[in-house]
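Quick notes on the structure that follows.
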Amino acid sequence: MGSTNSTLSKIPNVEELMQETGFTPAHIVRLYDRFEALDKEKTGHLRPQDFGAINRLAMNPIGDRIIGAFFSPGQETVDFHSFVRILAHFRPADKKRPKDPSMPEPVNSRTSKLKFAFQLYDQDKDGKISRAELLQVLRSMLEMQVTEEQLESIADRTIQEADLDKDDAISFEEFRKSLEKVNIDHKMSIRFLR
Amino acid sequence: MACRTCLWLLGTTFFTCTVRLVVEGTEVGATQESHPEPGVVGSNHSQAGGGHGSSISGIQIVTFKWHHVEAPYLIALWILVAGVSKMVVELNHSLTSVIPESALLIIIGWILGGIIYGADKMQTFTLTPTVFFFYLLPQVILDAGYFMPNKLFFSNMGAILVYAVIGTCWNAATVGLGLWGCWLGGAMGDIDIGLLQFLLFGSLIAAVDPVAVIAVFEEVHVNEVLFIMVFGESLLNDGVTVVLFNVFDAFVSLGGAEIDAVEIIKGIISFFVVAFGGSLVGIIFALLISLLTRCTKNIQIIEPGFIFILGYLSYLTAEMLSLSAILSIVFCGICCQKYINANMDERSVTTVRYVMKVLANGSETIIFVFLGISAIDPAVWVWNTGFILLTLLFIFVFRFIGVFLLTWILNKYRLVPLEFIDQVVMSYGGLRGAVAYGLVAMLDENKFKEKNLMVSTTLIVVYFTVMLQGITMKPLVTWLKVKRAAVTELTLAEKIQNRTFDHMLVAIEDISGQIGHNYMRDKWHNFEERWLCWFLMKPSARKSRDYIFNIFHQLNLKDAMSYVKEVRATHQVRESHDNLILYLQTQDIVPSVCLDMHEQDLTMRESEDFNAHHLLQQHLYRGRKQHRHRYSRSHLETNRDENEVQEIFQRTMRSRLESFKSAKMGVAPAKKIQTKHQKKDKPQKVRGEGTFSPFLHVRPHSHPLIGNVMCMLIKPFRGRFSSALFIQSSKCGGVKMECHLVNIQKQKSHLGLWQS
């Protein structure tokens with residue numbers, strides 16, 4: 001545990017980070033080790049190439065989108081805090097959390113997870129998933145032999161199913177509604193050591 | 001139809017003739033014995049040379065030397081009969097989809113047994129423990145271990161161990177005590193039996209049987225976690241069964257009075273010794289196999305032989321040391337698969353895989369046929385309604401209770417809880433089989449006065465579980481699943497989103513370095529990469545292990561160039577109807593048990609809807625989580641995922657290049673672009689040595705994705721070989737893209753240069 005403490009002391013504002021994300025010191029240390037492993041140049045920041053060096057991400061259809069999600073608009077680098085904050089979305093939800101409306105929504109609640117997923121689609125950040133954006137995602141997730149017409153028909157049908165106010169785009173509320181039967185906690189959680 | 005009936009008739013007549021011949025042969029042999037033992041496939045008691053006792057009167061042109069060949073002939077004949085029975089069973093597919101193969105084989109066994117008994121007035125061929133445990137079981141278990149999906153197995157190891165150890169102990173204790181209680185209550189009448197014997201019986205009937213489980217689960221496609229639970233449990237519970245059996249056997253011999261705390265403690269210790277010792281033996285043999293295959297570069301034709309012999313030796317060695325033989329051979333198969341697949345020549349690997357399937361299939365067939373035959377023997381039948389019915393009841397009920405109890409405890413610690421339908425399938429799928437029969441046949445009649453009763457009960461239990469539960473498993477699952485499916489029918493959005501979630505999770509796991517539960521695995525991985533692979537794998541095998549290099553080997557340089565040249569990707573419609581077959585096997589994530597895709601599709605109302613759903617089901621990339629490792633006794637799975645991975649990889653690289661290109665064109669080229677080791681690369685083109693290739697980086701532009709232009713990190717291998725494909729950009733009044741494919745092993749280098 002001595003090494004844990006020494007590592008923790010290297011990270012600025014570690015208390016605040018743990019409070020915000022709910023990670024334990026052990027998790028933070030592991031994430032820090034991973035961060036340092038990715039940050040080959042030892043600059044203290046991660047750039048897209050550092051993510052790109054992870055070979056397996058290239059074999060993921062939405063790998064590049066996920067990489068993009070780490071970078072806030074306009075930012076070129078990710079520091080450790082943002083790194084941890086994004087990863088905190090994937091913590092399993094704390095079941096015993098009392099519903100306190102005055103506290104800000106925790107990072108790993110169902111709403112926050114859904115927001116993260118929403119942002120993967122909504123690249124221009126206008127709060128709606130337009131038909132074009134949906135097409136982009138579909139194209140990357142479907143095999144190359146699927147034709148444009150087929151893609152467009154799938155996209156049309158999907159929007160039709162989910163779009164309740166008929167504006168030909170899916171807002172966050174419609175997105176959330178279309179997934180109300182899905183167990184988001186199960187689908188968007190990684191078993192970080194409990 | 002007519003030809004089928006003809007085949008059927010041919011088959012039956014063949015049987016009868018064969019058996020007739022066999023029986024006549026044994027009759028000749030049997031009359032020479034004073035005490036005909038229930039022999040095995042062939043009477044091994046070879047009599048003093050064919051004592052026909054005829055004096056030679058002249059030269060005989062042809063003699064009938066039956067006794068010369070009796071033993072091997074009978075063995076071969078029985079194997080042939082088993083094979084033909086399997087053929088007969090497979091004649092009618094609609095029958096096999098309702099009744100599992102194993103049940104049909106047992107029925108054929110009954111028929112054969114009846115014929116033999118009718119001819120011989122006694123059962124000359126039964127399944128003896130020796131033959132079963134030494135010649136029939138090892139290959140089945142080796143097959144299970146060799147094809148075990150390791151990742152899945154080890155990630156669920158905790159749960160599997162809980163079920164195997166605690167579950168089996170629970171089953172043994174409850175069944176034994178329950179029966180004892182009922183006996184005390186007088187439900188069984190007057191039999192000469194005691195508490196310890198009940199406990200022994202409980203322990204041997206409690207174990208779930210790997211042979212039976214596979215046979216039934218082949219028909220019912222369950223999700224892989226559930227499958228690995230039941231399968232893993234059936235394999236690992238041997239450790240417990242062996243210990244309990246031996247301990248109680250010893251206790252019975254000692255008599256009730258000698259049992260005190262010391263003996264019980266010794267029993268508990270023996271469990272650990274047996275289980276871990278057996279696994280250790282298996283691991284040692286796995287190391288031996290890997291080492292041997294590492295050195296067989298020059299004589300590849302004998303490689304497959306080593307696998308089988310050493311696997312068998314691991315079984316026998318553990319048996320010799322009174323450790324758990326099944327655990328030994330399972331771990332031998334599990335630990336060596338990766339290394340031998342890497343070390344051996346492709347054809348050897350195929351041979352090993354195929355031969356293993358052949359042997360396992362053959363053994364399984366023989367086992368079931370003989371289970372049927374062994375029943376037709378009035379000498380062993382003792383009927384005690386109370387005992388038999390109570391046993392059936394108890395194993396059924398206590399299995400359910402045990403599974404539900406343990407699952408409830410386990411679900412507190414699992415991220416992915418086991419659902420109700422999973423638990424039902426797991427309880428219902430706890431089949432007993434030949435291992436129980438083998439164990440019960442090993443009991444000593446003098447110590448166990450009621451041995452025949454136990455044998456009869458075991459046979460009935462086996463038939464009940466294999467046949468009844470086997471037949472009703474699929475309908476039960478359909479019924480349970482249909483109820484659930486009616487409630488939740490996925491919309492398009494849900495389907496797409498589910499898949500997106502899968503990919504997302506995989507990506508985040510990769511980014512976060514799979515920490516947490518897999519932190520240990522990471523450490524193990526590093527250890528394994530550094531030490532074990534160096535020790536156990538051929539140098540050339542180590543090089544080709546890296547996924548990406550395999551892909552790049554196949555990536556045609558020309559393709560890469562043409563992809564980059566195109567500004568807009570054009571989609572080409574390739575008609576391939578074999579994809580239909582491929583994707584009929586994909587599963588949905590939400591329901592835990594899945595049957596054919598047809599049933600799902602047919603519930604769509606509009607045809608347009610149907611098309612969209614169908615398209616999705618067929619063409620969504622499956623993602624790493626869904627790459628299936630279905631274990632099957634009769635089918636060799638080839639890895640179809642490589643094409644998908646290749647395609648995704650190419651598209652990702654292409655899009656990265658394009659976004660880099662477009663950004664470069666769009667944004668003023670004044671940004672500094674750095675390269676590392678640029679000077680070193682020029683000579684590197686020509687030089688044959690592989691070195692640490694440059695890790696290139698480009699100062700990112702406003703678009704976050706621009707930066708990663710073909711970043712490749714190539715690990716330096718201990719071997720001298722490495723392939724590297726990298727693209728670098730250099731600032732020379734434009735962007736020069738150089739694409740090198742340096743294949744050092746073949747001393748070739750391809751260069752492609754183009755300018756954008």
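Lettering of chains follows the sequences in order, A, B, ..., and the numbering in each one begins at 1.
For the pair A:Asn60 and B:Ile648, the minimum side-chain heavy-atom distance is 4.5 Å or more. With a 4.5 Å cut-off on side-chain heavy atoms, A:Arg139 and B:Arg651 count as touching.
Residues satisfying the side-chain hydrogen bond (donor to acceptor under 3.5 Å, both in side chains) criterion with A:Asp79, sequence neighbours excluded, are A:Ser82. Residues meeting the side-chain hydrogen bond (donor to acceptor under 3.5 Å, both in side chains) test with A:Thr111, sequence neighbours left out: none.
Put simply, CZ on A:Arg65 and NE2 on B:His503 are 12.0 Å apart, with the number rounded to the nearest 0.5 Å. Distance CE/B:Met504 to CD1/A:Ile66: 5.5 Å, rounded to 0.5 Å. Expressed to the nearest 0.5 Å, how far CD1 of B:Ile496 lies from OH of A:Tyr121 amounts to 6.0 Å. Rounding to the nearest 0.5 Å places CG of A:Leu38 at 8.5 Å from CD1 of B:Ile511. Atom CZ of residue B:Arg499 and atom CD1 of residue A:Ile62 lie 11.5 Å apart, to the nearest 0.5 angstrom.
Residue contact with chain B, scored on non-hydrogen atoms closer than 4.5 Å, is absent for A:Ile159. For a residue to count as touching a neighbouring chain, one of its non-hydrogen atoms must lie under 4.5 Å from one of that chain's; by this rule A:Ser140 touches chain B with the backbone only. With a 4.5 Å cut-off on non-hydrogen atoms, A:Leu134 does not touch chain B at all.
Residues of residues 163-179 of chain A placed with any heavy atom under 4.5 Å of a heavy atom in chain B are listed by number as A:Phe175, A:Ser178, A:Leu179.
In this structure, A:Glu180 places its CD atom where more than 12 heavy-atom neighbours from other residues, nucleotides or ligands lie under 6.0 Å away.
Applying the salt bridge (charged side-chain N to carboxylate O under 4.0 Å, His left out) test to pairs two or more places apart or on separate chains, those with a residue in residues 112-126 of chain A are A:Lys113-A:Asp185.
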